[in-house]
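To keep things clear, I will list the structure first and then write my remarks on it.
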Amino acid sequence: MNRKFQIVFQQVLFFVLLAGHTGFAQDIITLKHAYYTSRFSKSKHIPVLVEYTLTSSMLACDEHIARKGERFKPDPELPNETDLQKDYTHSGYDRGHNMSAQDNECNRLGMDECFYFSNMFPQRHSFNAGTWEALERKEREDAETY
């Protein structure tokens, strides 16, 4: 199986498995932001689906916003369920962006939103800095090309 599609397949498979969970409809909250929409599981404390459209214009700017100093934070649309910093501290997992911070370097609002925990999924560092990062790079290449 192609590695980039394996990631998408894993997320879809997780979503399908979660759908069998009793109370699924009440558990999943849709959080709409300017740059992405998250379907967030209140009981699992993770997004089960993050949707966004990446365009070449989102990547083209003269001055890129530095990521340095950005803080992960609760989503203001669901602050209690997304106050998850303690879940990541000393857990051995990275806070893996679904919509990449690099995709938002041209827009302050996009950069702020992408650091909400409704856009984070726990990932092992080797995956986050390896396969996932390669997928993000490929998405940017495709957005610039197509």
Side-chain angles (χ1 to χ4, degrees), residues 1-59 61 64-143:
M1 180 181 298
N2 186 317
R3 293 191 95 175
K4 73 177 184 179
F5 293 109
Q6 183 178 7
I7 295 165
V8 173
F9 175 76
Q10 289 171 340
Q11 283 191 320
V12 170
L13 178 61
F14 180 77
F15 185 75
V16 169
L17 292 173
L18 191 62
H21 178 320
T22 305
F24 177 75
Q26 295 81 18
D27 183 57
I28 304 299
I29 301 296
T30 300
L31 305 167
K32 293 186 180 195
H33 298 293
Y35 288 85
Y36 71 91
T37 298
S38 177
R39 305 257 186 316
F40 191 84
S41 169
K42 294 188 301 182
S43 66
K44 303 294 183 194
H45 306 286
I46 55 171
V48 295
L49 181 67
V50 173
E51 300 172 279
Y52 58 94
T53 300
L54 183 60
T55 65
S56 60
S57 64
M58 292 170 65
L59 303 172
C61 58
H64 293 265
I65 297 167
R67 181 176 167 171
K68 197 171 192 170
E70 293 294 331
R71 299 263 194 256
F72 296 94
K73 54 195 166 275
D75 189 315
E77 299 290 322
L78 196 65
N80 294 332
E81 291 85 344
T82 61
D83 187 6
L84 302 173
Q85 182 61 47
K86 67 184 177 320
D87 292 350
Y88 285 91
T89 303
H90 304 296
S91 70
Y93 287 91
D94 285 2
R95 297 164 204 87
H97 287 89
N98 285 274
M99 182 179 198
S100 164
Q102 194 169 348
D103 295 347
N104 291 287
E105 288 181 344
C106 293
N107 186 284
R108 171 49 52 200
L109 177 59
M111 184 64 81
D112 288 343
E113 288 181 349
C114 82
F115 279 86
Y116 294 158
F117 278 107
S118 60
N119 184 44
M120 297 298 123
F121 198 89
Q123 296 179 9
R124 293 208 179 271
H125 180 72
S126 60
F127 182 77
N128 192 27
T131 303
W132 195 257
E133 185 178 6
L135 175 63
E136 291 173 342
R137 258 193 321 276
K138 178 67 172 142
E139 287 175 341
R140 282 188 289 282
E141 289 171 12
D142 286 352

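In this text the structure is predicted, and so the values were computed from the model without any measurement.
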Checking side-chain polar atoms at under 3.5 Å, does Asp94 have a donor or acceptor matched by the opposite partner on His125?
yes
Within the 3.5 Å criterion, strictly below it, is a donor on Tyr35 or Asn107 matched to an acceptor on the partner's side chain?
yes
Rounded to the nearest 0.5 angstrom, the CE-SG distance for Met99 and Cys114 is 7.5 Å
With sequence neighbours left out, what residues match Glu51 under salt bridge (Lys or Arg N to Asp or Glu O under 4.0 Å)?
Arg39
Give the table of side-chain donor-acceptor pairs shorter than 3.5 Å for residues 69-78, with sequence neighbours excluded, one pair per line with atom names and distance.
from, atom 1, to, atom 2, distance (Å)
Glu70, OE2, Arg108, NH1, 2.8
Glu70, OE2, Arg108, NH2, 3.4
Lys73, NZ, Arg71, O, 3.4
Lys73, NZ, Asp112, O, 3.2
Asp75, OD1, His33, NE2, 3.3
Asp75, OD1, Glu77, N, 2.8
Asp75, OD2, His33, NE2, 2.6
Asp75, OD2, Ser118, OG, 2.5

Before giving the answer on side chain to side chain contact (heavy atoms under 4.5 Å, CB included), spell out for Glu81 and Phe117 the whole-Å C-alpha distance, their side-chain angles and the decisive distance to 0.1 Å.
CA-CA 9 Å; Glu81 291 85 344; Phe117 278 107; over 6 Å; no
Would you give the length of the straight line joining atom CG of Leu59 to atom CG of Asp103, rounded to the nearest 0.5 angstrom?
6.0 Å
Can you list the steps and then say if Cys106 with His64 is a side chain to side chain contact (heavy atoms under 4.5 Å, CB included)?
CA-CA 5 Å; Cys106 293; His64 293 265; 3.9 Å; yes
Taking the side chain as everything from C-beta on, heavy atoms only, tell me whether Glu136 gets closer than 4.5 Å to Gln102.
no
In Å, rounded to the nearest 0.5 Å, how long is the span from CD1 of Ile29 to OG1 of Thr82?
11.5 Å
Give me the atom names and distance for the closest heavy-atom approach of Phe121 to Tyr88.
C-OH, 3.6 Å
Flag the pair Ser100 / Arg140 as yes when at least one side-chain heavy-atom distance between them is below 4.5 Å, and no otherwise.
yes
Is Lys86 atom NZ crowded by more than 12 heavy atoms from other residues, nucleotides or ligands, each under 6.0 Å away?
yes
Passing candidate, side-chain contact (heavy atoms from CB on, under 4.5 Å) with Asn128, options Glu133, Gln123, Arg95
Gln123
Would you confirm whether Asn98, through its side chain, and Asn119, through its main-chain N or O, come within 3.5 Å as a donor-acceptor pair?
yes
Taking it one step at a time, do Tyr36 and His97 satisfy side chain to side chain contact (heavy atoms under 4.5 Å, CB included)?
CA-CA 12 Å; Tyr36 71 91; His97 287 89; over 6 Å; no
Ile46 and Pro122, any side-chain heavy atoms less than 4.5 Å apart:
yes
Student check: side-chain heavy atoms of Met120 and Leu84 closer than 4.5 Å
no
I'd like to know if the side chain of Tyr52 pairs up with that of Glu113 as donor and acceptor (distance under 3.5 Å, no hydrogens or angles considered).
no
Check Ser41 against Val48 and note the closest heavy-atom contact, atom names and distance.
CB-CG1, 4.1 Å
Using the rule given for side chain to side chain contact (heavy atoms under 4.5 Å, CB included), can you reason through Tyr116 versus Phe40, listing the C-alpha separation, both sets of side-chain angles and the distance that settles it, and then say yes or no?
CA-CA 12 Å; Tyr116 294 158; Phe40 191 84; over 6 Å; no
If you measure from OG on Ser38 to CG on Leu31, what distance do you get to the nearest 0.5 Å?
5.5 Å
With the side chain counted from C-beta on, respond yes when Thr37 and Thr30 share a heavy-atom pair under 4.5 Å apart, and no when they do not.
yes
